[in-house]
Amino acid sequence: MNLITEFAHLVASMGLERIRQLETQQALRQNAEHLQLVLEGSTDIFWDWNIDTGKLVLSDRWTEVFGYEQKNYNLDFSTFKDSIHHDDWHPLLKNISDCLNQHTLQFEQELRLLSKAGQWIWVLARGKIMAWDDEQQARQMVGSFLDINQRKQAEEALQKAHKELEIKVLERTWELNEINAALRIEISEREKMAEALRISEEKFSCAFRSSPVLMTITTLPEGRYIDVNDTFLEVTGYARNEVIDQTANELNCWFNLRERRHVNQLLREQGSVHQMEAHLRLKSGELRTSLYSAEIINIGSTPHVLSTIIDITENKQYETALRDSKQQLHDIIDFLPDATLAVDLDGRVIIWNRAMEELTGVQAEDMLHKIEYEYALPFYGYRRPILVDLALKPFKEIDQNVSILYRDNNNIIAEAMVPCLRGKPAYLWGKATPLYDSDGKVVGAIETIRDITDRQQSEEKIREVSEEMQALSHALMQVQEDERRHLARELHDALGQTLTAVKINLQNLTHNNPAAGAQLKESIDIVDQSLQEIRQLSISLRPTVLDDLGLEAALRSHFSGLMQRSGLKIAFFSNLNTRRLLVNLETACFRVVQESLTNVLRHAQAQNVRVELNLENKELKLVIADDGQGFEVELATKNAVQGRSMGLLGMKERVVQAGGRYAIESSPSGGTSINACFPLEG
């Protein structure tokens, strides 16, 4: 029983198991049918990827969406890569890798797939691992592609529209901002203009009231005064209530009605009047000359006339006085005894007086306003700068042809020989100076000219006579020196020898006649004294040492004898070192020293004298200085010229004849210094 029961239970259980299997198969079949219906009715593209084989199976929806043939359902995953957009491949690969490595169970990604027509279609890709092996390695992944291309296009269109809208909003906002900024600027400008107008009106009112120029505002066209400034009232003598609402005709302000009519005509035709000379009658009846200007202005919407009146009565009087003064100056210049011309900065002749007409034979009307050195033609026969141009600019060619006698910043005095004044050469003296205006600016130059041909010829004759006199004086001094040399030698040789012979005879008589010894001794002393005097006279006439040993030795000998006789202390300095010089130079220098020391002994009462004789820069420089009483050089020179003293003139003449320079410095309490320089010849 139990066995049967157990079998029955087994059969029953087997039946139940079979029934369950059948039910399961039926359920699976139904599920598959349902799944097939779902797949067929779904818009998604389903895919199944066998990871081991790489086989990728796609649903029928793939052909509808991407246009591929049915044979393209089953693809290899590696070739399917070519259908994926390059930018989407690496993100997809990462998502698949994360699933395979069990980092995630599934993924979802938007990507682009290439259709057969070559268009990129957006899809939403989903994937999930569906099968694993015993080692938990993924073996199968399934998923779907949802066509979202229209949505993405709509999104892109929406984004594009949004961007375009943003751009338009920004552009409109920018335009509005610019409009607002322009409005703000316009408002600010209007405010500024209003403020400027207010300030301008205040300034105009202030300028109108305080202007030193007469100003009025009148109606147009009747010319009725609606306002005048204080200067108008002060000058005209009217009170304000006497002027306002009156016309110029009613006040009788216009002296000349023709001027008034001319003003009205200009205002009608031009709208303004500028600097028209007119005559204004004051309340007192006095007439004043003025410059009248007027402009039409609008006050509100009504045209008015703003007038300015400048009183030029004093200026006109000054112009008249200036014109008279210029005429007077012109007359004075015209009647100057010296020939006078003047030029402006352009070299244009502006003055050519009567004396210039007489000097040159050229009339003023033929020379005035001429340019390009035409004023030089009467003097040189060709155009060139002359002395008047030198007062403006330092022309070198003038300096080469003109002897400048005096020149400073303003004046130039010169002499020049011109070849053809009235057809013959003439020697002219000229003085030129710049002309200045009231501001101190140079505006031209003026020159006065004198014909000094006769004077120059006289000076030439005087110079020739002077040169002849100097030559005679030099010859006389040379004769004098030769005579002195001859007398000195005669005294020293002939008379000296005779006295020496007498002395010897007297000495012999003394030995032979002792009784007459006293008288003979006295005679010998007299002979000795005579010999000394003859020797000294011979030296003073012409020291032989000067001819034999030279200047330095002669001076030393002269100083030695002079110090013995007079007690004067003489300090002598020289760098000649026995060098010999030309005879005339040694003689001149020795005579200057001799005469100077003679004057020191006679007049200076000096204790010490310093004499320097040095060769420097091809010159022989002589200095003689004493510590005695000085003298007035000008007075002594004047006395020498008048013949009262020949010493100074003699020294100067010797220096000049030797071609040297000579100067004396002296004061009553500072001693005397004589300086002479002699040029070395050869």
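Positions are given from 1 along the sequence. Quick note: numbers below take in every heavy atom, side chains included, and nothing from hydrogens, waters or symmetry partners.
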* Please walk me through it: do Glu178 and Arg184 pass salt bridge (Lys or Arg N to Asp or Glu O under 4.0 Å)? -> CA-CA 9 Å; Glu178 287 186 338; Arg184 286 194 296 271; over 6 Å; no
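- Checking side-chain atoms of Ser290 against main-chain N and O of Ala278 turns up a donor-acceptor pair under 3.5 Å.
- Lys283 is listed as a side-chain neighbour of Tyr238, based on a closest heavy-atom distance under 4.5 Å.
- When atom types are taken as modelled, the side chain of Thr289 and the backbone of Ile312 share no donor-acceptor pair closer than 3.5 angstrom.
- A distance of 11.0 Å separates CD1 of Ile244 from CD of Glu242, quoted to the nearest 0.5 Å.
- A distance of 5.5 Å separates CG of Leu387 from CD1 of Ile412, quoted to the nearest 0.5 Å.
- Closest heavy-atom contact between Thr231 and Pro212: CG2-O, 3.1 Å.
- Residues Asp230 and Arg240 are paired through a salt bridge, judged by an N-O separation under 4.0 Å between the basic side chain and the carboxylate.
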* Let me see the working for Ile51 and Leu100 under side-chain contact (heavy atoms from CB on, under 4.5 Å), right down to the final yes or no. => CA-CA 10 Å; Ile51 298 173; Leu100 295 178; 3.6 Å; yes
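- For Ser97 (side chain) and Leu93 (main-chain N/O), no donor-acceptor pair under 3.5 Å exists by modelled atom type.
- Listed here is the closest heavy atom pair of Ile309 and Val213: O-CG1, 3.2 Å.
- Between Met141 and Lys128 the shortest side-chain heavy-atom distance does not fall below 4.5 Å.
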* To do: Show the numbers, then the answer: is there a side-chain contact (heavy atoms from CB on, under 4.5 Å) between Val243 and Leu233?
  => CA-CA 9 Å; Val243 176; Leu233 299 175; 4.1 Å; yes
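- The minimum heavy-atom distance linking Leu214 with Leu280 is given by the pair CD2-CD2, 4.0 Å.
- No side-chain N or O of Asn249 forms a donor-acceptor pair with one of Thr247 less than 3.5 Å apart.
- Side-chain atoms of His304 and Thr302 include no donor-acceptor pair closer than 3.5 Å.
- Among all heavy-atom pairs drawn from Asn149 and Trp122, the shortest one is OD1-N, 2.9 Å.
- In this structure, Asp389 contributes its side chain and Ile386 its backbone to a donor-acceptor pair below 3.5 Å.
- In this structure a side-chain-to-backbone donor-acceptor pair under 3.5 Å is present from Arg281 to Asn252.
- At a cut-off of 3.5 Å, with distance as the only test, no side-chain donor of Thr173 or Asn177 sits close to an acceptor on the other residue.
- Smallest separation of non-hydrogen atoms from Leu345 and Val442: CD1-O, 3.4 Å.
- Test Lys160, Gln159, Glu166 against His162 for side-chain hydrogen bond (donor to acceptor under 3.5 Å, both in side chains) and you get one pass: Glu166.
- Crowding of Met276 atom CE: a count of heavy atoms from other residues, nucleotides or ligands under 6.0 Å exceeding 12.
- Scanning both residues, Gln246 and Glu250, for their nearest heavy atoms gives OE1-OE1, 2.9 Å.
- Distance check, rounded to the nearest 0.5 Å: CD1 of Ile45 to CG of Leu146 gives 9.0 Å.
- A 4.5 Å side-chain heavy-atom check between Leu306 and Phe208 finds at least one atom pair inside the cut-off.
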* Derivation and outcome, salt bridge (Lys or Arg N to Asp or Glu O under 4.0 Å), residues Lys55 and Asp48 -> CA-CA 8 Å; Lys55 189 79 170 177; Asp48 185 353; over 6 Å; no
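- In the displayed structure, His85 atom NE2 is contacted under 6.0 Å by more than 12 heavy atoms of other residues, nucleotides or ligands.
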* **Steps toward salt bridge (Lys or Arg N to Asp or Glu O under 4.0 Å) verdict (Asp147, Lys152)** => CA-CA 10 Å; Asp147 185 1; Lys152 293 294 288 187; over 6 Å; no
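- The shortest distance between side-chain heavy atoms of Tyr225 and Ser307 does not fall below 4.5 Å.
- One side chain, Thr433 or Asn411, offers a donor N or O that lies under 3.5 Å from an acceptor on the other.
- Between Tyr292 and Trp254, the gap from one ring centroid to the other is short of 6.0 Å.
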* Run the numbers on Arg172 and Glu175 for salt bridge (Lys or Arg N to Asp or Glu O under 4.0 Å), then give the verdict. => CA-CA 5 Å; Arg172 186 57 179 165; Glu175 291 176 358; 3.1 Å; yes
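- In this structure, the side chains of Lys94 and His90 stay at 4.5 Å or more apart for every pair of heavy atoms.
- For the 3.5 Å distance criterion, the side chains of Glu222 and Thr219 qualify, holding a donor opposite an acceptor.
- With sequence neighbours left out, the side chain to side chain donor-acceptor pair (under 3.5 Å) criterion links Glu372 to no other residue.
- When ring centroids are compared, Phe80 and Trp62 come within the 6.0 Å threshold.
- Remark: side-chain polar atoms of Asp133 are paired, donor with acceptor, to backbone N or O of Gln137 under 3.5 angstrom.
- The distance from the CG atom of Asn95 to the CZ atom of Arg126 is 13.0 Å, given to the nearest 0.5 Å.
- In this structure, Glu156 does not pair ionically with Arg151, as no charged nitrogen and carboxylate oxygen lie closer than 4.0 Å.
- Residues Val273 and His262 fail the side-chain proximity criterion, which asks for heavy atoms closer than 4.5 Å.
- When atom types are taken as modelled, the side chain of Asp344 and the backbone of Asp346 share a donor-acceptor pair closer than 3.5 angstrom.
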* side-chain contact (heavy atoms from CB on, under 4.5 Å) between Gln317 and Thr320, worked out -> CA-CA 5 Å; Gln317 294 172 352; Thr320 301; 5.6 Å; no
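- Side-chain contact of Gln140 with Asn50: a donor-acceptor pair under 3.5 Å is absent, judged by distance alone.
- Residues Ile226 and Thr218 have side chains not in contact (no heavy-atom distance under 4.5 Å, counting atoms from C-beta outward).
- In terms of modelled atom types and a separation under 3.5 Å, the side chain of Glu269 and the main chain of Leu266 share no donor-acceptor contact.
- Counting non-hydrogen atoms of neighbouring residues, nucleotides and ligands closer than 6.0 angstrom, the CG atom of Asn617 reaches no more than 12 such neighbours.
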* List the steps and the verdict of side-chain contact (heavy atoms from CB on, under 4.5 Å) for Phe107 and Leu92. => CA-CA 9 Å; Phe107 73 88; Leu92 177 62; 3.7 Å; yes
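- In this structure, the side chain of Ser59 engages the main chain of Phe46 through a donor-acceptor pair within 3.5 Å.
- Here CH2 of Trp89 is found 11.0 Å from NE2 of His86. Values are rounded to the nearest 0.5 Å.
- The main-chain N or O of Met215 is found under 3.5 Å from a side-chain atom of Asn229 such that the two form a donor-acceptor pair.
- Put simply, the side chain of Val388 does not reach to within 4.5 Å of the side chain of Ile446, judged on heavy atoms.
- To the nearest 0.5 Å, the span separating OH on Tyr375 from CG on Leu368 amounts to 13.5 Å.
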